[in-house]
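None of these values were measured; they are calculated from a predicted model. When a residue number appears, it is its place in the shown sequence, counting from 1.
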Amino acid sequence: MVRVDEQAAQRRGEAAGPAARDAPLTRVLDRGTDGLVIAFALWTLVYHLSLPLDPPTWAMLAVWAAATAAAGLAYARWRRTRSRTGSRTETAAGVAGRELWRDAAVRTWSGAPRLAAPVAVVAGIGAGVSAGLHEFGVPWWCTWTLGAVSVAATAVGVLRARAAAPASGADGPPPAEHGPGRDGAVPSAERSGGGFGERWGSLIALVTAAGFAVASWFTVNPDGDDAYFVSRSVATATEGRIPVHDVIFSTHTTGPIAGEPPVSSVEVLAGSLARLVGMHPTSFLWYVVLPSVTFVAVWALWRLVRGWAPRRAAACFGVAVVYLLWSGVGQASLGSFHLLRMWQGKAMMVSIMVPLLYVYLTRWAERRTAGALALAAAAGIAAVGLSSSATMVVPLVTAAVAGPLVLSGRVRTGAAACAAMLYPLGAGLAVVLLHDDINVIGPFTDAPVSYSWVLLSATLGVVTGCALWLGSLTARPGVPALIAAGIAGVATVLFLPGVLALLADATGAAQVMWRTLWTVPAPALVGLLAAVRPPARLLPARLSSPRARGPLAAAVPVALCAVMVAGGVPLWSKENGTTVAKRPSWKISARDLATARAVLRAEAARGADGPAVALMPKQYMRVMPLLSTTDHAIDPNSHYLRLVPAPRSFIDDRLMLSTLVTSPRAADPAAGQVRGALGRTGVTVACVRRSDRDGLRLLEAAGYGDRSRAGSLTCVFPGRS
């Protein structure tokens with residue numbers, strides 16, 4: 001029966017699908033990825049249970065290790081049980097159940113009104129072009145209007161699967177599962193092709209993931225948010241406790257940063273492991289964690305692509321990788337949150353957990369096994385452990401999957417898929433109930449700006465938009481097509497006037513509302529365009545011959561890559577603020593790092609008691625939280641400074657002093673104001689650029705002296721009493 005299924009798929013010009021067995025390499029890396037998701041979900045549970053108890057991190061690691069070992073033993077026992085009782089061949093019911101989705105989707109499109117598919121295509125392309133060219137004057141209403149037309153036409157063609165499905169029940173019989181093979185393995189249901197092509201695709205993905213991991217050591221693109229994220233790891237490694245309160249501007253003397261509740265657990269895990277192995281936490285984060293999660297992110301993309309691609313999964317993956325590499329036109333692009341910033345939990349969430357959530361939910365919808373649903377729920381927990389933004393993103397991802405399932409008649413399947421968002425919603429509710437201020441201060445980003453930030457503009461914005469609204473036609477028929485339609489539907493709703501503003505008012509997350517577009521797995525959807533084949537009836541006879549099909553199939557991905565390379569900006573470009581180091585490097589300017597260290601050495605040479613409190617130009621103060629949370633800078637990041645629950649003078653003094661030494665052209669404050677602010681903040685070393693004579697004069701007038709040079713700065717120190 002399996003052979004018949006494969007041959008039938010090949011006659012349709014499609015890959016054999018999940019009937020074929022996974023290659024050993026694929027099985028190992030897939031299961032390893034699943035194991036990491038479960039392990040990190042368990043760590044997140046341990047972390048959240050530890051928040052009110054404040055145990056030492058070694059105890060948390062011990063509990064986590066025991067829980068992970070127990071989960072591993074339970075899985076091994078389950079595998080042995082299945083190996084003894086499972087069938088070694090797939091039943092006809094299993095094939096028929098899974099093929100139900102594919103055949104239903106095909107019949108629905110063919111039985112739909114004649115204009116449904118053309119309208120979906122034309123309107124989808126129009127919406128994509130309008131969205132990508134909005135910055136060049138195309139009205140935004142064109143985007144959401146044409147997008148809504150495309151989604152509606154798609155609903156007519158794809159979401160009527162219930163009419164094409166057997167009338168034996170709303171959800172039909174659950175597809176039988178692959179029995180374990182000779183080694184007890186359960187073949188994956190997320191592959192568009194098996195055998196020789198799949199093995200080569202996995203090898204290509206493995207090499208690409210390894211290349212990205214190595215490249216992550218050398219690409220340097222500093223990010224101001226590290227003042228918060230990295231400092232939590234540094235504080236954890238230093239103290240061996242969860243840093244619940246502020247560690248950026250003080251040592252636990254003020255409450256947690258407003259809008260950044262201690263929900264994410266990944267920073268504490270990195271700091272705990274760094275403390276365990278005796279490595280500086282920042283080095284551990286950038287030399288060990290960064291390449292590891294970068295590798296996993298590339299493999300997660302490959303899993304999603306090969307699960308959704310109707311054919312030529314390797315070519316689709318290649319196009320998706322090119323999209324990522326040439327999406328370096330802004331700090332909010334998905335490429336910038338991939339290779340350039342993967343050490344941050346939010347980057348891990350969008351680059352790893354969003355693709356894996358779609359993988360697991362696709363598997364659940366196609367196979368309806370407890371394991372698939374458990375992995376989806378674990379991914380939801382893990383996403384919360386990576387970023388508080390999961391409380392917004394995971395429910396939207398789940399809605400993009402559950403909505404089409406329910407509308408197509410799979411009510412119980414769609415309702416069960418909501419298990420993925422239970423923990424994120426619970427975490428969000430807990431934050432609301434337990435924290436007085438959850439508002440994220442900053443400007444609101446409406447839908448057009450959010451699109452240009454995340455899904456880009458100009459050439460890449462047009463390609464992304466077309467991939468978004470045509471996803472139901474480019475994805476593998478069945479569940480992937482339904483989910484792609486759901487993604488387009490959710491995105492279109494977010495693009496409607498006033499929707500993001502309403503969500504911002506409800507959540508208090510106005511500044512980060514653009515992250516809702518992380519629901520769109522743009523690299524994978526763009527990659528699926530590589531599988532598009534021109535209709536044979538529209539081609540000349542000489543191009544329809546079997547000999548011409550190979551070059552013609554290769555022309556589409558090659559053309560896509562050429563367009564993206566010509567219209568995009570590579571991630572390693574200086575235009576994107578990136579430099580390529582000659583050796584593995586911290587993700588900060590080497591010159592700024594050396595200067596900040598020189599300032600601390602100069603302060604230590606003075607023999608002052610207590611920790612250092614440094615005032616320097618902003619670019620050097622940003623380095624301080626990466627080095628230590630015992631020594632502090634006055635203002636490493638003004639955004640987080642404004643969110644500190646501290647007296648107004650605490651914030652105003654730091655902002656004024658930071659402006660004094662960072663912006664020489666700004667109006668100088670009065671000498672008395674400078675003297676008072678320096679005294680209240682307890683600055684132990686104040687530095688200005690050598691050319692900033694006015695700033696140096698004000699500092700010396702405030703009682704600071706004993707000039708010393710540290711890199712490109714001139715530093716002065718308070719007088720000894």
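Other residues, nucleotides and ligands contribute at most 12 non-hydrogen atoms within 6.0 Å of the CH2 atom of W217.
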Tell me, with the steps shown, if L324 and L339 meet side chain to side chain contact (heavy atoms under 4.5 Å, CB included).
CA-CA 8 Å; L324 280 176; L339 178 64; over 6 Å; no
Determine whether T578 and T219 satisfy the following criterion, side chain to side chain donor-acceptor pair (under 3.5 Å), listing intermediate values before the conclusion.
CA-CA 7 Å; T578 304; T219 52; over 6 Å; no
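Of the possible polar contacts, one joining the K587 side chain to the S216 backbone as a donor-acceptor pair under 3.5 Å is found. At least one donor-acceptor pair under 3.5 Å links the side chain of W140 to the backbone N or O of F495.
A salt bridge links D225 to K346: one of the charged nitrogens lies within less than 4.0 Å of a carboxylate oxygen. The existence of a salt bridge linking D226 and R622 is excluded, since no basic side-chain nitrogen approaches an acidic carboxylate oxygen closer than 4.0 Å.
The ring pair (Phe, Tyr, Trp, His ring centres under 6.0 Å) pairs that include a residue from residues 223-252 are Y228-Y640, where partners are two or more places apart or lie in different chains. Annotation: salt bridge (Lys or Arg N to Asp or Glu O under 4.0 Å) contacts involving residues 679-693, sequence neighbours excluded, comprise D653-R680.
For T251, the side-chain hydrogen bond (donor to acceptor under 3.5 Å, both in side chains) partners at least two apart in sequence or on another chain are H632.
Ring geometry for F212 versus H338: interplanar angle over 60°, hence perpendicular rather than tilted (30 to 60°).
Using modelled atom types, one finds a donor on one side chain and an acceptor on the other under 3.5 Å when comparing Y323 with T464. The closest side-chain donor-acceptor pair between S573 and N576, if any, does not fall under 3.5 angstrom.
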